[in-house]
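All ligand and atom numbering here is 1-based and tracks the order in the structure. Side chains included, hydrogens not; waters and symmetry mates left out as well; all remaining heavy atoms used.
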Amino acid sequence: MCGIFAITSNRRNDIGKILVECAEKLTYRGYDTVGVATVSQDRIHLRKDKGKFDEVAVKLRLNEMRGSKGIAQLRWATFGAPSKLNAQPHLDCDEDLCAAHNGNIVNFLPLREQYTKEGHTVRSMNDGEICVHAVEKYYDQLGDMVEAIRKGCGDLKGDYAFAAMHKDDNKVYAVKMGSSLFVGIGEGETCVSSDLPSILPVTRQILNIHDGELVILSPEKVEIRRISDGHPIERNPYTSDADIRVAQKGGYPHFMLKEIHEQVSTTRTLFSAIREPYITQFIDALIDAKRVFFVACGSSYHATVVGSYYFNDLANIAAIPVIGGQFNSLYGDSVGNGDVVICVSQSGETKDVIDVVHLCKKKNVKILSIVNVLGSTLTHLSDLYLPMGSGFEISVPATKTYTSQVTLFAFLATLAGQKSEAIKPKAADALINDLQTRLPALIEETISTTTLKARTLAPYLSKFSHFYVLGHGLTHGVALEGALKIKEVCYIVADGMYSSEFKHGPLSIVENGYPIIFTIAPDDAEHIVNHLAEVECRGARIIATGDDHPLLRRYVREEDFLVVPKSSQYLSPILQVIPLQLIAYHLATYKNIDPDYPRNISKTLTVR
Ligand code: M6R
């Protein structure tokens with residue numbers, strides 16, 4: 001949520017150009033408002049407005065802004081409505097310094113009142129403005145930006161990162177207090193950003209910043225200080241080998257479609273990203289654990305739901321999937337020594353998950369995690385993590401990272417089952433071989449055989465404001481995930497449910513032509529037939545994803561059956577999310593919705 005990018009250079013005087021190029025890559029983090037501040041001719045120039053990055057950038061001619069340093073901010077609104085006034089960056093009272101933040105200042109209202117009483121002109125209802133006044137207050141007393149920021153941070157409560165600059169020097173200052181922050185060190189210029197891909201147009205020399213640190217960027221160097229006592233910190237940069245093309249659509253109309261197609265390769269790169277001895281350490285921790293909890297949010301949570309079925313079926317391990325925001329109140333008191341918590345997160349920044357980590361660390365609980373963004377907060381806080389190796393996921397709806405998470409769970413459960421002898425060695429070998437070698441081609445085939453049907457269903461499904469996606473056993477999480485995708489990008493209330501629960505109430509909604517999507521693992525077909533029959537005899541139009549099966553054919557018309565290639569009970573659920581992703585994608589574009597940036601959503605949610 002929210003993205004900040006700031007740069008200081010001694011080789012550019014047209015800083016607007018690079019600010020636009022880099023900040024545009026942060027679009028996925030917020031598209032309620034956009035703002036850019038630059039320093040030129042001894043004053044701060046500020047342009048900002050409500051709207052998406054590309055619209056505002058053109059309207060305000062952001063790329064024409066002059067100067068050799070500047071800050072850009074893309075906002076996902078929490079405190080203060082999306083409006084020009086609440087857009088960031090914000091200026092201080094006498095307009096000689098400005099700042100922009102990402103995250104939340106939770107004591108924003110009392111501070112707003114306090115600073116106003118102290119004579120500050122607080123113009124907006126946005127908590128980011130409070131960062132500027134906190135710095136200004138102490139700058140006016142001390143005349144030193146570093147000390148002012150350190151003291152100002154003492155006033156601020158919450159999880160945040162901000163970038164600030166004063167018109168009278170050539171520096172940019174940034175702090176990390178719970179939200180992500182990366183620094184880039186280029187030739188005659190340095191920059192700081194909420195994420196790494198946005199830095200790549202400037203440099204590949206990256207410095208990770210940790211919580212509680214203040215960075216002072218000059219064009220030629222970067223200094224890190226501890227906020228608490230000002231102590232300097234030495235850290236070496238590393239060279240990022242990330243592919244800059246990840247932030248380009250590569251011929252696809254949307255990142256979402258590109259990333260759906262990338263699942264062919266990301267299910268392969270996953271296996272080169274995970275390494276020994278970490279895989280074995282992960283498995284051992286799971287086998288030895290008193291209780292195993294999977295903690296995640298959104299799509300990552302749905303992957304853990306599928307994962308817990310794999311662990312039950314393949315390893316006889318009861319893994320309890322828990323929604324990040326729910327964990328502390330549901331298990332916070334009972335969790336303790338011997339329990340293992342596995343956090344799953346694409347971004348590694350999701351606040352609801354990070355809160356669980358903080359509580360568990362106090363209680364001596366081992367934290368393992370599965371993360372896509374390396375260098376993220378979760379990778380720093382975990383005892384052990386496995387990377388997903390999916391590359392950057394730009395589109396707000398998660399697709400390829402969900403599939404990698406589920407694939408990794410199937411793999412880990414098989415290894416755990418092999419080790420504990422819960423499954424036969426031959427069966428384990430066959431499944432590992434399928435996951436590592438057959439899966440990419442099966443995904444490719446699934447995309448090519450189900451795309452047309454998914455697209456053809458769009459006009460019919462678009463007529464409904466609500467419908468159901470039902471799964472059973474291993475496909476329960478698949479149904480939840482398919483329903484979330486449709487809600488998120490099509491603005492349709494698609495409810496994901498366990499299919500046997502449907503008769504306990506929701507069945508009354510069914511009438512002639514009402515759509516119900518089923519996702520069915522091969523061995524469950526006979527069992528699910530009951531559920532199909534229940535809704536079919538009441539007039540529902542059944543749409544299904546699954547392996548071809550004569551029983552299913554009786555209830556599902558040819559055009560409504562999105563058949564996945566024959567694989568196995570454990571591979572099929574991985575494939576079955578793909579037609580659901582494609583339905584969501586084509587339904588969104590049919591409704592003229594940009595699926596990459598659904599309204600009100602941000603890809604990285606660093607607020608509680
Ligand atoms: O970065 P995370 O995996 O922790 O994010 C969790 C959710 O916010 C995320 O999966 C969200 O539900 C997706 N936008 C859904 O497509």
I want to know if ligand 1 touches G348 in the polar sense, i.e. an N/O pair below 3.5 angstrom.
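Looking only at distances, the answer is no, because the N/O contact criterion of under 3.5 Å is not met.
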With only distance considered, is V344 within less than 3.5 Å of ligand 1 through an N or O on each side?
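No; every N/O pair is 3.5 Å or more apart.
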Which residue supplies the protein heavy atom nearest to [atom], what is that atom called, and how far is it?
{"atom": "atom 8 (O) of ligand 1", "value": "L605 CD1, 3.9 Å"}
{"atom": "atom 11 (C) of ligand 1", "value": "S299 N, 4.2 Å"}
{"atom": "atom 1 (O) of ligand 1", "value": "S347 OG, 2.7 Å"}
{"atom": "atom 6 (C) of ligand 1", "value": "C297 O, 3.3 Å"}
{"atom": "atom 5 (O) of ligand 1", "value": "T350 OG1, 3.5 Å"}

Between D211 and K176, does the salt bridge (Lys or Arg N to Asp or Glu O under 4.0 Å) criterion hold? Intermediate values first, please.
CA-CA 5 Å; D211 281 336; K176 172 165 163 49; 2.9 Å; yes
Decide whether S390 and T266 meet the rule of one side-chain donor and one side-chain acceptor closer than 3.5 Å.
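No - no donor-acceptor pair under 3.5 Å links their side chains.
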Going by distance alone, is a donor N or O of one side chain under 3.5 Å from an acceptor N or O of the other, for N208 and Y238?
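Result is yes, a qualifying pair exists.
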Of Q346, E259, E393, which is the lone residue that meets side-chain hydrogen bond (donor to acceptor under 3.5 Å, both in side chains) with T401?
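Going through Q346, E259, E393 one by one, the side-chain hydrogen bond (donor to acceptor under 3.5 Å, both in side chains) with T401 is satisfied by E393 alone.
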Compare E488, Q581, K603 and give the one whose heavy atom is closest to atom 14 (N) of ligand 1.
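Looking at heavy atoms only, E488 sits closest to atom 14 (N) of ligand 1.
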Below a 4.0 angstrom heavy-atom separation, can you tell me which part of E349, side chain or backbone, both or neither, approaches ligand 1?
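Neither part.
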Structural part of V353 in contact with ligand 1, heavy atom criterion under 4.0 angstrom:
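For V353, there is no contact with ligand 1 at all, from either part.
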May I ask you to decide if the ring planes of [X] and [Y] are parallel, tilted or perpendicular, using 30° and 60° as cut-offs?
{"X": "Y585", "Y": "H254", "result": "perpendicular"}
{"X": "Y498", "Y": "H472", "result": "tilted"}
{"X": "Y514", "Y": "F464", "result": "perpendicular"}
{"X": "H476", "Y": "Y309", "result": "perpendicular"}

Run the numbers for me: atoms of ligand 1, each under 4.0 Å from some heavy atom of K485, listed by number.
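It comes down to these atoms of ligand 1: 15 (C), 16 (O).
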Should you measure from each heavy atom of L484, which atoms of ligand 1 turn up under 4.0 Å away?
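Counting from 1, the qualifying ligand atoms are 12 (O), 15 (C).
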